[in-house]
Amino acid sequence: MVLDSLEGTSHAFGPNCLAFQDEFAAWNGNRYAVTTNSGTAALHMGLVACECGCGDEVIVPAYSWSSSATCVMQHNAIPVFVDIDFDTMNIDVGRIEAAITPKTKAIIVVHLNGLPVDMDRVMAIADKHGLRVIEDACQAHGARYKGKKVGTLGHCAAFSFNQNKCLCSGEGGMFVADDEAIYERARTLWSFGEEVGPTERRDYHVYAMGWMYRNNDLTAAWGRAQLRKLDRHLLTLRENVECLSRHLQGVPHLILPTEPAGFEHSWYNYTVRFDMEALGHAHDARRFRDRLIEALQAEGLGTGIWQSFILPAMTVFQAKNAYGHGCPWTCSRSGPVDYSVDSFPVAARHLDTHTGLTYPLRAPNGTDVAELAATAIRKVMENIDQVEACEPVGEAAV
Ligand SMILES: Cc1ncc(COP(=O)(O)O)c(C=O)c1O
């Protein structure tokens, strides 16, 4: 399909882009889909579609990919962080209301690792306070909450098709929504601020602030080909995860990921945590985590940390250096926000104790590979005293 596109004459936003949008919308159960050049672009479109602007506050989890939060500043709005729940690794829904102020406009929920957020509770809070909800579904293609696919639960959603994602086209993304006005606003930002789409009769007039977030035909062709295989790949992933979890039952000092009843994980990342309290390493958790990971890697296991920082600890928030001159935080419309790292102890504990698996569990690998992964993990965890006996490896990269 990519070669067909290459041999064709339409390499910018072309027929494969249109078809990809329609096919993805049908697959996910959305009325509208707009294909983008990244998940980050789709997140920024969500912000604008939900009418977040200068000085508006947007609630985001304290642990995620950077652009789950920096997309908020793209339109001069202010991210307000909420700590995560240790068990699910997602935003702690019970802490959201305490973070709401008169300036709050929206909540970004991230279905981290592929586990949906408890959306009934989030939507109840949003309805009560008149807020919009943007789903960051960049890691969660095909995940379901109470039978419904992520991306259909909030007011709009962003998916990523970056190389590591379960649906991959090198780079790329999709914005989805069901409300026409939300879709129209997102589409305007997506294509230079124009209201007329690139395949329609354009007036080349800019009606609002715009970027160039469109996908191209070759990448969309690749995405379409991958979408056809996605259900099969997700099934293989689930079978491999079930096999791994079965074999890891009872392994000492290992906290396995959860999949609560009514939540269907898509297993983008199988993240385990080491029980550092029980291991007596709560004081040097990060360093001991790195030594455990080295030991696992020495067994041939493809595993590693996903993030090195919780979001509020990143320089852009600590230095508030987004647009220079302290903007958007110094804007007269903005209120004070708390980015002190100590305010997010659960995210910090998760960060310091985790490691994850992605590729070992993906198709075409099968349960034989999942069993090998389990054997490696069991061997390391049952011989922890030998890990402790290793020479210090120096401070972990932070
Ligand atoms: C949770 C989350 N949000 C947003 C993104 C951004 O997606 P992209 O890299 O396609 O811009 C990613 C990508 O890793 C992600 O994992």
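When a ligand or atom number is given, it counts from 1 through the structure's own listing order.
- Heavy-atom proximity to Ser67, at under 4.0 Å, picks out these atoms of ligand 1: 4 (C), 5 (C), 6 (C).
- In the vicinity of Cys138, heavy-atom distances shorter than 4.0 Å reach the ligand 1 atoms 2 (C), 3 (N), 4 (C), 5 (C), 12 (C), 15 (C).
- With respect to Phe161, the side-chain contact (heavy atoms from CB on, under 4.5 Å) criterion is satisfied by exactly one of Leu227, Leu167, Thr219: Leu167.
- The aromatic rings of His75 and Trp211 lie tilted to each other, with the angle between the two planes from 30° to 60°.
- When the options Leu43, Thr40, Asn37, Asn113 are ranked by their closest heavy atom to atom 11 (O) of ligand 1, first place goes to Thr40.
- Relative ring orientation between His350 and His354 is described as parallel, the plane-to-plane angle staying below 30° on a 0-90° scale split at 30° and 60°.
- In this structure, His265 and Trp267 have parallel ring planes: the angle between them is below the 30° cut-off, well short of the 60° mark.
- Ligand 1 places these atoms under 4.0 Å from at least one heavy atom of Gly39: 7 (O), 8 (P), 10 (O), 11 (O).
- Of all the atoms in ligand 1, the ones that sit under 4.0 Å from a non-hydrogen atom of Ser64 are 1 (C).
- Remark: minimum distance from atom 5 (C) of ligand 1 to any protein heavy atom is reached at Trp65 CD1, 3.5 Å.
- The shortest side-chain heavy-atom distance between Phe274 and Leu254 falls under the 4.5 Å cut-off.
- When all heavy atoms of Cys50 and Lys105 are compared, the pair lying nearest together is O-CG, 4.3 Å.
- Within the 4.0 Å heavy-atom shell around ligand 1 one finds Lys165.
- For ligand 1, the atoms lying closer than 4.0 Å to a non-hydrogen atom of Ser160 are 7 (O), 8 (P), 10 (O).
- For atom 16 (O) of ligand 1, the closest non-hydrogen atom of the protein is Gln139 NE2, 2.9 Å.
- Residue Ser38 approaches ligand 1 through these ligand atoms, each under 4.0 Å from one of its heavy atoms: 10 (O), 11 (O).
- Of the protein's heavy atoms, Asp136 OD2, 2.7 Å lies nearest to atom 3 (N) of ligand 1.
- Aromatic ring orientation, Tyr32 versus Tyr183: parallel (interplanar angle below 30°, classes split at 30° and 60°).
- Close approach to Val110 involves these atoms of ligand 1, each under 4.0 Å from a residue heavy atom: 1 (C).
- For the pair Arg273 and Phe86, the cation-pi criterion (under 6.0 Å, within 45° of the ring axis) is fulfilled.
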